[in-house]
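Both ligands and their constituent atoms are indexed starting at 1 by order of listing.
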Amino acid sequence: MSDEALYDQQVIAFLEELWGDGFLSPGGVDEVHRILKGVSIKGKTVIDIGCGSGACAVLLAKEYGAKSVVGIDVEKPVCDAAVDRVQVDGASEKVTIRLVEPGPLPFGNEDIDIVFSKDSIIHIPDKETLAFEVYRVLKPGGYFLASDWLISHDHKPSPEMAEYLEAEGLDFAMASPARYEKAIKTAGFVEVELVNRNSWYAEVARAELEWLLGNKKNKLIEKYGKEFINHQINAWSKMVPVLSSGEHCPHHIRARKPF
Ligand SMILES: C[S@@+](CC[C@H](N)C(=O)[O-])C[C@H]1O[C@@H](n2cnc3c(N)ncnc32)[C@H](O)[C@@H]1O
C-alpha cells in the first residue's frame with residue numbers, strides 16, 4: 001500500500017461534489033440499481049470491493065436490505081470517510097469498513113453471498129487472479145455484480161487513450177471486455193453478462209466537462225486550487241474523445257458461481 005493516497009481528502013471532496021455524497025464514481029444510486037437489477041440481496045452477506053467513501057455499501061444495506069456489508073478498500077482517507085458516512089447514515093449495525101492490503105480477499109472460502117464492486121477493479125491489474133478470488137469467497141449460487149471502466153481491446157492503447165491515461169495520473173489498469181469475460185469464465189463462473197455503458201457515460205462525461213468549464217469554474221478553483229482544477233479539466237478533456245470513440249467503455253459485469 002502506497003503512503004501517498006490517490007484518493008486523498010481533496011480528491012474525495014471534488015469527486016463527491018461531482019458524483020454525489022459518498023460516491024467516487026459516476027451514476028450514483030441509478031447505476032447501483034442497474035448493477036443489481038433482478039438480483040435480490042435482501043438478507044444476504046455482501047462485500048464491496050473498493051468501497052471508496054461508502055455510499056454504495058450504505059445503500060446495499062439500507063435500501064436493498066443486505067444482512068451485512070463489508071466494504072474493503074486499500075486507502076486510508078476513503079476508509080475514514082466511509083466510516084464517517086456509515087455512522088452518520090445510521091448503518092453501523094450492518095456495514096463494516098476495512099482497510100486492507102491489495103492482494104487476496106480477506107475472507108474465507110464460500111463465506112459470502114454477493115461480491116459487489118463499483119468502478120474499483122480498474123485499479124487491480126491482475127483480473128484473472130481477482131476472478132479466482134471472487135469465485136473462491138462466494139457461496140455456490142452467489143453473484144458477482146460489478147461495474148468497471150474497461151478498454152475496448154487488449155492492444156497498445158491508441159495515442160488518444162495513452163494521453164488520457166497519462167492525464168488521469170492514476171494507477172489505472174484497464175482490461176478489455178474479452179479479457180474480463182475469459183477471466184471470469186476460466187475461474188468457473190456461469191451466467192456471465194457484460195453490458196457496455198459507453199453511450200451513457202460518454203454523454204454524462206461531456207456534461208461533466210461542461211460543468212467544469214462553466215460558470216462554477218472560478219468557485220471550484222477557489223475551493224480546490226487552480227492546479228487541481230486544471231488537472232481535472234485536462235483529464236476530462238482527454239477522456240471525452242476516448243469515450244466518443246468507444247475505446248474507453250465502462251461496463252456492468254455480472255456472473256454467478258454455479259451450485
Ligand atoms: C473510483 S473509486 C470507486 C469507489 C466506490 N466504489 C464508488 O463507486 O464510489 C475506486 C476505489 O478503489 C479503491 N482501490 C484501489 N485499489 C484497490 C484494491 N486493490 N482493492 C480494493 N480497492 C482498491 C480506491 O482506493 C478507491 O477507493
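Using modelled atom types and a 3.5 Å distance limit, the side chains of His252 and Glu193 yield no donor-acceptor pair. A donor atom on one side chain and an acceptor atom on the other are found under 3.5 Å apart for Tyr180 and Asp148. For the 3.5 Å distance criterion, the side chains of Glu160 and Tyr164 fail to qualify, holding no donor opposite an acceptor. Using modelled atom types, one finds a donor on one side chain and an acceptor on the other under 3.5 Å when comparing Glu16 with Ser53.
The ligand atoms of ligand 1 that sit less than 4.0 angstrom from a heavy atom of Phe23 are 9 (O). Numbered from 1 in the order shown, with element, the atoms of ligand 1 that lie under 4.0 Å from a heavy atom of Val74 read 14 (N), 15 (C), 16 (N), 17 (C), 18 (C), 19 (N), 20 (N), 21 (C), 23 (C). Taking every heavy atom of Cys51 and a limit of under 4.0 angstrom, the matching atoms of ligand 1 come to 5 (C). Of all the atoms in ligand 1, the ones that sit under 4.0 Å from a non-hydrogen atom of Val78 are 27 (O).
Neither the backbone nor the side chain of Ser53 has any atom closer than 4.0 Å to an atom of ligand 1 (non-hydrogen atoms only). Residue contacts with ligand 1 for Ile124 involve side-chain atoms from C-beta outward but no N, CA, C or O (heavy atoms, distance under 4.0 Å).
The heavy atom nearest to atom 2 (S) of ligand 1, considering only Trp149, Trp19, Tyr7, Phe116, is found in Tyr7.
Judged by distance alone, the side chain of Lys127 and the main-chain N or O of Ala173 form a donor-acceptor pair under 3.5 Å.
Distances between N or O atoms of Ser25 and those of ligand 1 include at least one value under 3.5 Å. The N/O atoms of Cys56, backbone and side chain alike, include none that comes under 3.5 Å of an N/O atom in ligand 1. Annotation: Lys118 places an N or O atom under 3.5 Å from an N or O atom of ligand 1; distance criterion only. The shortest N/O to N/O separation between Ile49 and ligand 1 does not fall below 3.5 Å. For ligand 1, the polar-atom distance check against Asp73 finds a nitrogen or oxygen pair separated by under 3.5 Å. Some N or O of Ser120 is nearer than 3.5 Å to an N or O of ligand 1, by distance alone.
In terms of the side-chain contact (heavy atoms from CB on, under 4.5 Å) criterion, residue partners of Glu203 (sequence neighbours excluded) are, by chain and number, Arg206.
Annotation: atom 16 (N) of ligand 1 to nearest protein heavy atom, His123 CB, 3.3 Å. The nearest heavy-atom contact from the protein to atom 9 (O) of ligand 1 is Leu24 N, 2.7 Å. Distance from atom 4 (C) of ligand 1 to its nearest protein heavy atom, with residue and atom name: Gly50 O, 3.4 Å.
Tracing side-chain contacts under 4.5 Å through hydrophobic residues (I, L, V, M, F, W, Y), one reaches Leu24 starting from Phe228; they form part of the same cluster.
Contact annotation: the side chain of Gln232 never approaches that of Tyr224 to less than 4.5 Å [non-hydrogen atoms, C-beta and beyond].
Ring geometry for Trp19 against Trp236 counts as tilted: the plane angle lies between 30° and 60°, on a 0 to 90° scale.
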Side-chain polar contacts of residues 41-50 - donor-acceptor pairs under 3.5 angstrom, sequence neighbours left out - could you list them?
| from | atom 1 | to | atom 2 | distance (Å) |
| --- | --- | --- | --- | --- |
| Thr45 | OG1 | Asp113 | N | 3.0 |
| Thr45 | OG1 | Asp113 | OD2 | 3.0 |

